[in-house]
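Presented below is the structure to which this report refers.
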There are 2 protein chains.
Amino acid sequence: MHWIIRLGKSEQRSYTSLNPKEIIVKQQLDYLDLLKSVSLFSDLKKAELLPVAQAAIEKCFHAGEFLIRQDEPAEYLFVVGSGNIKLTQLSSGGDQFLLCYVTSGEMFGSIAILQNAAYPVSAEALTYCQVLLLPGSVIRHLMSEIPQLAMGVIRHLAGRVQSLQRQLQELSAERVEQRVARALTRLASQVGLRTEQGILINVALSRQDLAEMTGTTLYTVSRILSGWEKRALIDAGRERVVIKKPHGIVAIAEDLPAPRSK
Amino acid sequence: MHWIIRLGKSEQRSYTSLNPKEIIVKQQLDYLDLLKSVSLFSDLKKAELLPVAQAAIEKCFHAGEFLIRQDEPAEYLFVVGSGNIKLTQLSSGGDQFLLCYVTSGEMFGSIAILQNAAYPVSAEALTYCQVLLLPGSVIRHLMSEIPQLAMGVIRHLAGRVQSLQRQLQELSAERVEQRVARALTRLASQVGLRTEQGILINVALSRQDLAEMTGTTLYTVSRILSGWEKRALIDAGRERVVIKKPHGIVAIAEDLPAPRSK
DNA sequence: AGCGATCTTTGCGCTATAGCAAACATGGTG
DNA sequence: CACCATGTTTGCTATAGCGCAAAGATCGCT
């Protein structure tokens, strides 16, 4: 990440040795690179992104801090520059559901584009995070000038709808083991890190987290992972999973007949 | 519904006794009324809706016919003028999930706004249906001229995302009885018909349908409905449910302690 | 290095729900 | 009006997954 680290308060700009104008320009260029990498803005020219970058607020969060809390008024879209974040939803009954992880180059809080909306989820920083806050009102107004932007938002939301529908279907039709396998493959493709032992899921991932993702209990997840570890499919530790035989896990996720573990 | 019934083929227009121009104008006015009633277009002025109405294709379907099939290229948005439709999703494993019912004044197939997308669901007519087909390309191009339209689409999708997230949470955390109760209350508010005996769910609703909505089996649904019938909460018949004590069902859906059935 | 907090494992019993099979009900149709 | 297709009920059995409790592992901190 070639993005300049800067700690929250914008006043700090004036404390640097460079002259203010130069800093602002540099910052905007950096913002532009980050924004451009987000699929929401990929159709836009850099020039069109300038007003977005200008309205963006840079902010950092420490592990454990909440970026947004469920039911609070939704003012900002969040673009993640670095770090890992998890989105969770709390039900009235007090059960928590882990919707997804968000990591660099991704975005969340698109609900802020709508007026008077509230966040339907909470976002918790799992590591130190650098994010850009984009005021929903700015995006909203910009959309009328830049139709591509509106299309980007629509594409983003449509993708989310489809992935949620698929998840719903899976949750209703598949057994727990299959769902956990699916969650792992999803995580692998999103935050997986190729190592010698296999694919390391590169976020702190407790049994409880996996349970909240798949609608089960930490006990059941623990038993499943233990089983897989005995079959040498994975290597599991405290808040850590390494997939040693990806094809084996995929086989379970897709419910293929023979794992063919020769 | 004050919408003129006309059978599919546009050639029929010339067979009427009125002069063609008058008919076309009349038709567009009717289309405009229908479109205006759809939340997607509610922010638009009637004049702005004219191009949409002009591009709309009227079509009718008989009970049992499929309006769209999963994985087919998505060309049209559908606006329902009359009739009931169910949206289902088929998994690779062959399990069907019933996503939702769609009825007059509602809309589906918004994925068609995106280029080269495929429908993620199938839509089956449960009754005789009159629908308007709006070419996705037309909406797509109109969005750049009418920002309100883009906002409407975004609002629609955002609502869908939230409702799906809620459903996901419910499916993962709640027991079957609760989920069935929830499905019934949802249906009651959408297609419920107030009668003397209670709220009649005004669509053909088999045990199998309820099972596919809630991620369970028709056996379990049957047992649950039988139980509720014994407690005089509902009145169930072949593909028919009447909610006699709405508060009782809501109490189950919300998992309230005392049903208070005095 | 040792301690406490947190996470993980696993034995055990239990319940909710799946799923078959067979009888039963219902409504449309000729 | 009787038949048939289709939907529904219910007894029975099987089992996946829940959830407690207690022991064990791991990590960060001082």
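Chain A is the first sequence line, chain B the second, and so forth, proteins listed ahead of strands; every chain is numbered from 1. Everything numeric in this text was worked out from a predicted model, so none of it was measured.
- Of the inter-residue distances, the one linking Met213(B) atom CE with Leu99(B) atom CG reads 10.5 Å to the nearest 0.5 angstrom.
- Sequence neighbours left out, the pairs with a member in residues 81-107 of chain A that pass salt bridge (Lys or Arg N to Asp or Glu O under 4.0 Å) are Lys86(A)-Asp209(A).
- The minimum heavy-atom distance linking Thr214(A) with Leu210(A) is given by the pair OG1-O, 2.7 Å.
- Between Val241(B) and Leu184(B), the closest side-chain pair of non-hydrogen atoms falls below 4.5 Å.
- Taking the 5' to 3' direction, DNA chain C first and last meets chain B under 4.0 angstrom from a heavy atom at dT17(C) to dG27(C).
- Between Phe78(B) and Phe108(B), the ring planes are parallel. Angles under 30° get that label, and only those over 60° would be called perpendicular.
- Distance CD (Glu177(A)) to P (dG17(D)): 8 Å, rounded to an integer number of Å.
- Side-chain N/O atoms of Ser222(B) include none lying less than 4.0 angstrom from OP1 or OP2 on dT8(D).
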Counting primed atoms, P, OP1 and OP2 as sugar-phosphate and everything else as base, the B/S/- map of nucleotides 18-28 of chain D against protein heavy atoms under 4.0 Å is SBBB---BBS-

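- The CD atom of Gln89(B) sits 5.5 Å away from the CD atom of Gln70(B) when rounded to the nearest 0.5 Å.
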Open item on the list: Could you go through Thr127(A) and Asn84(A), starting from their C-alpha distance and side-chain angles, then the distance that decides it, and tell me whether this counts as side chain to side chain donor-acceptor pair (under 3.5 Å)?
Closed with: CA-CA 6 Å; Thr127(A) 62; Asn84(A) 293 321; 4.6 Å; no

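- Between Gln178(A) atom CD and dG17(D) atom C1' there is a gap of 15 Å when expressed in whole angstrom units.
- Whole-Å rounding puts the Leu218(B) CG to dT9(D) C1' distance at 10 Å.
- Atom CD of Glu174(A) and atom P of dA16(D) are 16 Å apart (whole Å).
- Side-chain atoms of Gln130(A) never come within 3.5 Å of backbone atoms of Gly83(A) as a donor-acceptor pair (strictly under, hydrogens ignored).
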